[in-house]
Number of protein chains: 2
Amino acid sequence: MRNAEGDGGSGSFAEVERYIEVTRQRLPGYPHERVKLARLVTHVQKRQSDLSNAVLKRHGLNYVKYTALMMMYGTPGRTLTPSTLSEGTGEKPANITRICDELLQQGLIERHPSAEDRRRVDLHLTREGERLIEKLQPELWQVWDEIYGCFNAAELRQLTRLLRKPLARLDASG
Amino acid sequence: MRNAEGDGGSGSFAEVERYIEVTRQRLPGYPHERVKLARLVTHVQKRQSDLSNAVLKRHGLNYVKYTALMMMYGTPGRTLTPSTLSEGTGEKPANITRICDELLQQGLIERHPSAEDRRRVDLHLTREGERLIEKLQPELWQVWDEIYGCFNAAELRQLTRLLRKPLARLDASG
DNA sequence: CGGATATATTTCATTTATGAATTATTCAGA
DNA sequence: TCTGAATAATTCATAAATGAAATATATCCG
């Protein structure tokens, strides 16, 4: 009743693997393992943002806004700048501005011109922002459990170690 | 190997790891490994879609449109339906409709009512679509190499095996 | 010092993606 | 057979994200 694809067997990704396999046979040299990995990453990412958005929506947030708040929460002084936020979330600066406008509207952050560098803006998590974050945690931990609960400690370490590699590589090469 | 792999180093993800660590100290029970993994997945996904979009843009495509075309290319008969596309790409049906409108405009696919089930629509890759795909491959393989070239065969297998797990799990639980 | 260049943020137009409602068809069961 | 539920696709209003240009400040170096 609740799953859209019950009969297909082991889930929608099986289908994806099938068409990658056909393509591999059509295109000599097709890097099917890398492609499959890329598709997996996309799917997992979609799932995690869909699931967490479902939770966050009830509290007037979405995944990006929440991540922004969490970055402030995890910063000494609970203050950082839009560019740090942009790097940390992967969102483009223009989007960060919009996100912060909204968080400001909601009273979850404050915006102040930076003292040291007047091009900069300091974004500071308000007490209300902190409270919201703390209230939210249990629901989100449940989401992470739902998605990543299938991994034991060793697998988590393994995955983390591996997925860091392509980021380091790209950082270096632009 | 040419990557600057130090984990205390320059990459933007080091910053992310730092704030996760602080948060971990503030919030007892914070599932920092799972959170870190989630953030990694987001970052890697962003990078791969950014990089491939840069290539695809030159050919009037984007990552989703391209994936849609590839799914058709890898399907016997080069024909499938919007719902298959939606599952395979992770995009919502409304977006698939829009995507297909555009691909149609570009002459890369055709749309026909399905014979067996008249609710359905058959999406068929045109000869021109095929040609575009084949022309594009070398450039894209370069992108996948740029991102995933850091992995050897064993690591690719490992990652693929691991990342399949959360998808299977979510498929089952809705 | 002062001009060129780089960095930080924002604005605005546009592209891309989603939710909710709608239409059409199929299917399951009384 | 008929009726209600499920499925497939689309439309439309709206949200979310981006690129490119604009603004303001900082830094580099003659």
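In what follows, chains are A, B, ... by sequence order, proteins preceding strands, each numbered from 1.
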Interatomic distance, [X] [atom1] vs [N] [atom2] [rounded to whole Å]:
X: B:Lys92; N: D:dT7; atom1: NZ; atom2: P; answer: 17 Å
X: B:Glu87; N: D:dA9; atom1: CD; atom2: P; answer: 11 Å
X: B:Glu91; N: D:dA9; atom1: CD; atom2: C1'; answer: 16 Å
X: B:Leu103; N: D:dT10; atom1: CG; atom2: C1'; answer: 16 Å
X: A:Ile99; N: D:dA15; atom1: CD1; atom2: P; answer: 13 Å
X: B:Glu116; N: D:dA8; atom1: CD; atom2: P; answer: 12 Å
X: B:Leu51; N: D:dT18; atom1: CG; atom2: C1'; answer: 16 Å
X: B:Asn95; N: D:dA13; atom1: CG; atom2: P; answer: 18 Å

State which residues pass side chain to side chain contact (heavy atoms under 4.5 Å, CB included) with A:Thr84; sequence neighbours excluded, sorted by chain then number.
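Partners of A:Thr84 by the side chain to side chain contact (heavy atoms under 4.5 Å, CB included) criterion, ordered by chain and then number, come out as A:Met71, A:Leu80, A:Thr81, B:Glu15.
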What distance separates B:Asp122 CG from B:Arg78 CZ, expressed to the nearest 0.5 Å?
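Output value for this atom pair is 15.0 Å.
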Should B:Arg18 and B:Glu21 count as an ion pair when the cut-off is N to O under 4.0 Å?
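No, B:Arg18 and B:Glu21 are not salt-bridged.
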Looking at B:Arg131 and B:Glu128, is there a salt bridge between them, counting it only when a charged N and a carboxylate O are closer than 4.0 Å?
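Looking at B:Glu128 and B:Arg131, the cut-off is not met.
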Using five pairs at each end of the helix from C:dC1-D:dG30 to C:dA30-D:dT1 to define an axis, what is the angle between those two axes, to 10°?
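About 30°, once rounded to a multiple of 10°.
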Please find the pair of heavy atoms, one from [X] and one from [Y], that lie closest to each other, and give the distance.
X: A:Leu140; Y: A:Ser52; result: CD2-CB, 4.0 Å
X: A:Pro166; Y: B:Ile147; result: CB-O, 3.3 Å
X: B:Pro82; Y: B:Val121; result: CD-O, 3.3 Å

Among all residues two or more places apart in sequence or in another chain, which pass the salt bridge (charged side-chain N to carboxylate O under 4.0 Å, His left out) test with B:Glu91?
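Applying salt bridge (charged side-chain N to carboxylate O under 4.0 Å, His left out) to B:Glu91 gives A:Lys46.
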Not counting sequence neighbours, which residues clear salt bridge (charged side-chain N to carboxylate O under 4.0 Å, His left out) with A:Glu17? List them please.
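Counting only residues at least two positions away or on another chain, A:Glu17 forms a salt bridge (charged side-chain N to carboxylate O under 4.0 Å, His left out) with A:Lys36, B:Arg164.
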B/S/- along nucleotides 1-12 of chain C (protein heavy atoms under 4.0 Å) is -----BBSSBB-
Of the residues in residues 52-74 of chain B, which ones touch DNA chain C at a heavy-atom distance under 4.0 Å?
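Contacting residues: B:Asn62, B:Val64.
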State whether a side-chain donor-acceptor pair under 3.5 Å links B:Tyr148 with B:Gln48.
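Side-chain D/A pair, B:Tyr148 to B:Gln48: present.
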Name of the residue among B:His112, B:Met72, B:Glu110 meeting side-chain contact (heavy atoms from CB on, under 4.5 Å) with B:Leu123:
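Of the listed residues B:His112, B:Met72, B:Glu110, the side-chain contact (heavy atoms from CB on, under 4.5 Å) partner of B:Leu123 is B:Met72.
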